[in-house]
Trainee: 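Sharing a structure here in structure tokens format.
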2 protein chains.
Amino acid sequence: MEVTKRPGGRSARVRDAVRQATLAELAEHGFRGLTVENVAERSGVHKTTVYRRWGNVEGLIADALELAAHEPWPVPDTGTVEGDLRGVVELVRSGFEDPELGPVSSAFVAAAMQSPEAARALHAFFEARHDQSAQVVRRGVERGELPVTVDAREVVRVAVAPVYYRLFVAHEPVSREDAGRAADAALAAARAGVL
Amino acid sequence: MEVTKRPGGRSARVRDAVRQATLAELAEHGFRGLTVENVAERSGVHKTTVYRRWGNVEGLIADALELAAHEPWPVPDTGTVEGDLRGVVELVRSGFEDPELGPVSSAFVAAAMQSPEAARALHAFFEARHDQSAQVVRRGVERGELPVTVDAREVVRVAVAPVYYRLFVAHEPVSREDAGRAADAALAAARAGVL
DNA sequence: GATCTAACGCAACTGGAGTTGTCTTTGGAA
DNA sequence: TTCCAAAGACAACTCCAGTTGCGTTAGATC
């Protein structure tokens, strides 16, 4: 996907236009309402071009996802692991509530469940996120708040997992308190030497 | 959905045939490969009938899901909370590895992300599952292994969440050890009074 | 067991997603 | 500047998911 021998000029403009259009369509209509034709029309690029370069809806999402993966995101730094980890989880939670980001993020998760290509892209995305977020835990270890044996990335996973689980699996609402509790639980497990 | 004024006879046969066909198609081709036409052909029911009663693919899944929700599932009873909770989580994990159940279960999760109807059905399903699994925690409280203040259902959620998170969000493999660790983490948090 | 109508079967139709062949434009290297 | 091949535009086409109208079958009620 996206192996272009002409990375500049028109091809680059087309790619950008399509990516923008994909994100905009995703924000408006979600994954269900995403069609290649709509993206083509919105971007001003002909639909055959989109089909030939991206193949289908999943390809569009996978490409947009790669873009999103490279964007840095604000890792909290409150001075304590509690504060930081709670901040990370709350950032995740509130992200899905955001009327702009929420539908797009949800669409990514939905797409990855149906397309191996999108799944790979999302996997890479979370790989990066876990790495970035794990520094919150590593700082906690340096401060002596957590044992040196902790698996920082695993702590992050356990902390954020309940939020995703509620949202996308059990389909329950997720309150700010729920997010905080999830962070605390991961921390308690880490302190107990389980993670 | 499924409000029939003639619940017996032919209608009942049609419903059963379609449900069976839906599960079979799901097991074979997953959610992506599920089409109303294939289900109709496999069940021997005409496609217009399926469209009229179930509306679309999501309706078929929602119906099949209701069926699955009523099926009891084996709650472990090993004598300790550790053993039981680990058993619950491992049961979830191995369920998705099963070549028969795995695709069907995954399809349910995928469908619920795109259809409010399926989402409601899946929510009810997990409501029931949480209730059943929570008894493992309640027994632990009775034995004095956990403080009486614990939220039994929340312990279950936190225990299973990492498995789902890895499978459907981060798209990472989930080992037996991962499942065990997740159960242990939830337990440690419960013992610490966080859950 | 006669009657009524909900539910099913059937065939023809519609619309739109995705494809194909061909021509045009343009990025990039000589 | 020139040249060529990669990439895009365009139109016409295919195919199949989903719809519609109508005739047929068979539960349910009396």
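Just so we're clear, the structure is a prediction, and the values are computed from it rather than from any experiment. In what follows, every chain begins at residue 1, and chains take the letters A, B, ... in the order their sequences are listed.
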Trainee: Thinking salt bridges, do A:Arg120 and A:Glu66 make one under a 4.0 Å N-O criterion?
Mentor: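 Looking at A:Arg120 and A:Glu66, the cut-off is not met.
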Trainee: If you compare all heavy atoms of A:Val155 against all heavy atoms of A:Ala186, which two are closest, and at what distance to 0.1 Å?
Mentor: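 Distance-wise, the nearest heavy atoms are O-CB, 3.7 Å.
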Trainee: Which label fits A:Tyr165 and B:Tyr164: parallel for a plane angle under 30°, tilted from 30 to 60°, or perpendicular past 60°?
Mentor: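 The arrangement is tilted - the two ring planes meet at 30° to 60°.
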Trainee: Tell me, yes or no, whether the heavy-atom count around A:Arg143 atom CZ, taken from other residues, nucleotides or ligands under 6.0 Å, exceeds 12.
Mentor: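 Yes.
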Trainee: Return the value, rounded to whole Å, for the distance between atom CD of B:Glu58 and atom P of D:dA17.
Mentor: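 It is 14 Å, rounded to the nearest whole Å.
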Trainee: Do the charged groups of A:Asp16 and A:Arg13 touch, with an N to O distance under 4.0 Å?
Mentor: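 Salt bridge between A:Asp16 and A:Arg13, a charged N being under 4.0 Å from a carboxylate O: no.
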Trainee: Using the C1' atoms of the five pairs at each end, what is the angle between the end axes of the helix from C:dG1-D:dC30 to C:dA30-D:dT1, to 10°?
Mentor: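 The angle separating the two end axes equals 40°.
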Trainee: Within this structure, what is the OH-to-C1' distance between A:Tyr51 and D:dG8, rounded to whole angstrom?
Mentor: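 So the two atoms are 16 Å apart, to the nearest Å.
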Trainee: How would you list, by chain and number, every residue that makes a side chain to side chain donor-acceptor pair (under 3.5 Å) with A:Arg157, sequence neighbours excluded?
Mentor: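 Once residues adjacent in sequence are excluded, the partners of A:Arg157 under the side chain to side chain donor-acceptor pair (under 3.5 Å) criterion are A:Glu154, B:Glu172.
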Trainee: Taking the six-membered ring for Trp, are B:Phe108 and B:Phe126 closer than 6.0 Å centroid to centroid?
Mentor: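 Aromatic pair excluded; centres sit 6.0 Å or further apart.
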Trainee: Measure all distances between protein nitrogen or oxygen atoms and nitrogen or oxygen atoms of nucleotides 10-16 of chain C, and list the pairs falling under 3.5 Å.
Mentor:
| residue | atom | partner | partner atom | Å |
| --- | --- | --- | --- | --- |
| C:dC10 | N4 | B:Thr48 | OG1 | 3.1 |

Trainee: In whole angstrom, what separates A:Arg15's CZ from C:dG27's C1'?
Mentor: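 Going from CZ in A:Arg15 over to C1' in C:dG27 covers 17 Å.
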Trainee: What integer distance in Å separates A:Arg32:CZ from D:dA17:C1'?
Mentor: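 The answer, rounded to whole Å, is 14 Å.
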Trainee: Does a nitrogen or oxygen in the side chain of B:Arg13 sit under 4.0 Å from OP1 or OP2 of C:dC8?
Mentor: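 No, outside the criterion.
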Trainee: Whole angstroms only, please: what is the CZ-C1' distance between B:Arg53 and C:dA6?
Mentor: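 Interatomic distance, CZ of B:Arg53 to C1' of C:dA6: 11 Å.
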Trainee: Looking at B:Arg93 and B:Glu97, is any side-chain nitrogen of the basic one under 4.0 Å from a carboxylate oxygen of the acidic one?
Mentor: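 Yes.
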Trainee: So which one's nearest nucleotide on DNA chain C is more toward 5', B:Gly44 or A:Val36?
Mentor: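 Whichever sits nearer the 5' end wins; that is B:Gly44.
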